Amino acid sequence: MNTKIALITGATSGIGEATTLKLADNGFDVIIIGRRNDRLTTLKEKLEKNGTRVLSLCLDVRIESEVKSAVENLPDEWKNIDVLVNNAGLAAGLSSLQEGDTDDWNRMIDTNIKGLLYITRYVSPFMITREKGHIINIGSIAGKEVYPNGNVYCATKHAVDALTKGMRMDMLKHNIKVTQICPGAVETEFSIVRFYGDKARADNVYKGFESLVAADIADCILFAVSRPSHVNINDMIVMPAAQATGTLFNKKL
Ligand code: NDP
Ligand code: 8X3
């Protein structure tokens with residue numbers, strides 16, 4: 001089997017789902033991860049109709065034992081993972097540190113940092129065995145700068161920035177590429193999750209300007225993974241044309 005394999009975390013929505021569709025369209029078989037099994041099943045059925053082979057793993061990236069067991073017990077034909085997209089992540093809340101909800105902090109730290117680490121820890125040995133592979137970490141403009149009330153979310157994305165650099169050094173001798181993609185505002189379920197399901201508040205984030213859509217980020221990921229073998233894209237910051245910094249927008253309201 002010559003088809004390449006991509007593993008995408010957070011494939012049930014937004015950037016992860018768009019990336020799954022884009023990579024499948026471009027000849028990848030896919031391992032898709034998320035907690036919402038109904039969505040995984042729908043995506044799997046849709047892709048299989050178009051001839052893509054799909055392995056669906058319903059798991060929570062925060063739970064190391066789930067990640068370890070699922071990855072270590074992959075059927076042999078799924079172990080040759082060429083591309084890992086560490087995308088699963090979230091913001092929970094937007095409040096000052098002194099008023100922050102510690103449950104929100106734990107969810108963000110456990111998902112955005114520890115989840116990314118667990119997946120990478122258990123997937124990368126397969127790449128190292130083959131001396132081949134490409135890891136794509138989804139960072140954020142929030143990993144390049146900090147904005148008021150973004151404290152812990154920004155810290156988790158700064159951690160992704162540091163981990164991207166660290167893993168690139170550690171994996172250099174194993175011929176594994178490591179890329180970070182840092183989006184500005186992308187309209188997905190991100191703000192609905194951040195505001196605990198308050199759709200009106202979430203919609204307001206994207207009012208008055210043209211935000212990115214998930215497919216824009218999927219395009220960047222496809223570009224990074226389709227460079228010739230001697231080329232690596234280290235880091236890409238991708239913003240809406242109407243957004244200059246994490247908080248400065250040209251909104252026409
Ligand atoms: P969505 O909320 O649309 O998607 C988030 C995805 O992550 C879902 O598929 C969700 O699946 C998955 N996920 C969350 N927690 C877990 C978990 N514990 N275990 C497994 N999967 C999990 O948001 P986006 O697509 O926007 O977010 C994707 C990434 O992009 C995140 O890392 C986010 O920080 C980053 N980002 C987003 C930006 C934006 O403006 N939207 C900008 C910059 C970066 P499920 O709920 O089924 O588990
Ligand atoms: C998600 C976008 O606005 O929180 O990373 O920086 S933002």
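Position 1 is the first residue of the sequence, and the numbers go up from there. Just so you know, ligand 1 is whichever comes first in the structure, and atom 1 is the first atom listed for that ligand. The model shown is predicted, which means the values in this text are computed figures rather than measured ones. These values consider heavy atoms only, across backbone and side chains, with no hydrogens, waters or symmetry-generated copies.
- Which parts of ligand 1 touch G139 is read off a 4.0 Å heavy-atom cut-off, strictly below it: atoms 43 (C), 44 (C).
- The closest side-chain donor-acceptor pair between N234 and N232 falls under 3.5 angstrom.
- Contacts between L59 and ligand 1, counted as non-hydrogen atom pairs separated by less than 4.0 Å, involve the backbone only.
- The distance criterion of under 3.5 Å between nitrogen or oxygen atoms is not met by G34 with respect to ligand 1.
- Here R36 pairs with E189 under the salt bridge (charged side-chain N to carboxylate O under 4.0 Å, His left out) rule; sequence neighbours left out.
- Scored by the side chain to side chain donor-acceptor pair (under 3.5 Å) test, Y118 finds no partners at all (sequence neighbours excluded).
- The closest approach between any non-hydrogen atom of S211 and ligand 1 is not below 4.0 Å.
- In this structure, G115 does not count as a contact residue of ligand 1, since none of its heavy atoms falls inside 4.0 Å of the ligand.
- For the pair K79 and D76, the salt-bridge criterion is met [side-chain N within less than 4.0 Å of a carboxylate O].
- Among protein heavy atoms, atom 42 (C) of ligand 1 sits closest to G184 O, 3.1 Å.
- Using a 4.0 Å cut-off between heavy atoms, T111 contacts ligand 1 through its side chain alone, with no backbone atom that close.
- Of the heavy atoms in E17, none comes closer than 4.0 Å to ligand 1.
- Looking at K157 and D161, no side-chain N of the basic residue comes within less than 4.0 Å of a carboxylate O on the acidic one, giving no salt bridge.
- Remark: ligand 1 atoms within the under-4.0 Å shell around heavy atoms of A185 are 40 (O).
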Please report, to 0.1 Å, the donor-acceptor pairs under 3.5 Å made by any side chain of residues 89-101, with sequence neighbours excluded.
unit_1, atom_1, unit_2, atom_2, d
S96, OG, E99, N, 3.3
S96, OG, E99, OE1, 3.0
D101, OD1, D103, N, 2.7
D101, OD1, D104, N, 3.4

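- Two residues are said to be in side-chain contact when any heavy atoms from C-beta on lie closer than 4.5 Å; T41 and S56 fail this criterion.
- Scanning the protein heavy atoms around atom 48 (O) of ligand 1, the nearest turns out to be R35 NE, 2.6 Å.
- Among protein residues, S140, I141, A142, Y147, Y153, F190, R194 come within 4.0 Å of ligand 2, judged on heavy atoms.
- Among protein heavy atoms, atom 28 (C) of ligand 1 sits closest to N87 OD1, 3.1 Å.
- Partner of D82 under the salt bridge (charged side-chain N to carboxylate O under 4.0 Å, His left out) criterion, out of K177, R130, K4: R130 alone.
- In this structure, R39 does not count as a contact residue of ligand 1, since none of its heavy atoms falls inside 4.0 Å of the ligand.
- In terms of N/O distances under 3.5 Å, ligand 1 is approached by V61.
- Taking only nitrogen or oxygen atoms, main chain and side chain alike, I15 reaches within less than 3.5 Å of ligand 1.
- Residue contact check: Y153 has heavy atoms under 4.0 Å from atoms 33 (C), 34 (O), 36 (N), 44 (C) of ligand 1.
- Of all atoms in ligand 1, numbered sequentially from 1 with element shown, those under 4.0 Å from a heavy atom of G14 are 3 (O), 25 (O).
- Atoms of ligand 1 lying under 4.0 Å from at least one heavy atom of T12, given by number and element, are 8 (C), 9 (O), 10 (C), 11 (O), 45 (P), 47 (O).
- With salt bridges taken as basic N to acidic carboxylate O contacts below 4.0 Å, one links K199 and D203.
- Considering backbone and side-chain N/O atoms, I138 never comes within less than 3.5 Å of an N/O atom of ligand 1.
- For S140, no nitrogen or oxygen atom sits less than 3.5 Å from a nitrogen or oxygen atom of ligand 1, counting backbone and side chain alike.
- Here the heavy atom of the protein found nearest to atom 3 (O) of ligand 1 is S13 OG, 2.5 Å.
- Under the side-chain contact (heavy atoms from CB on, under 4.5 Å) test applied with L23, the options L21, T19, T20 reduce to a single match, T19.
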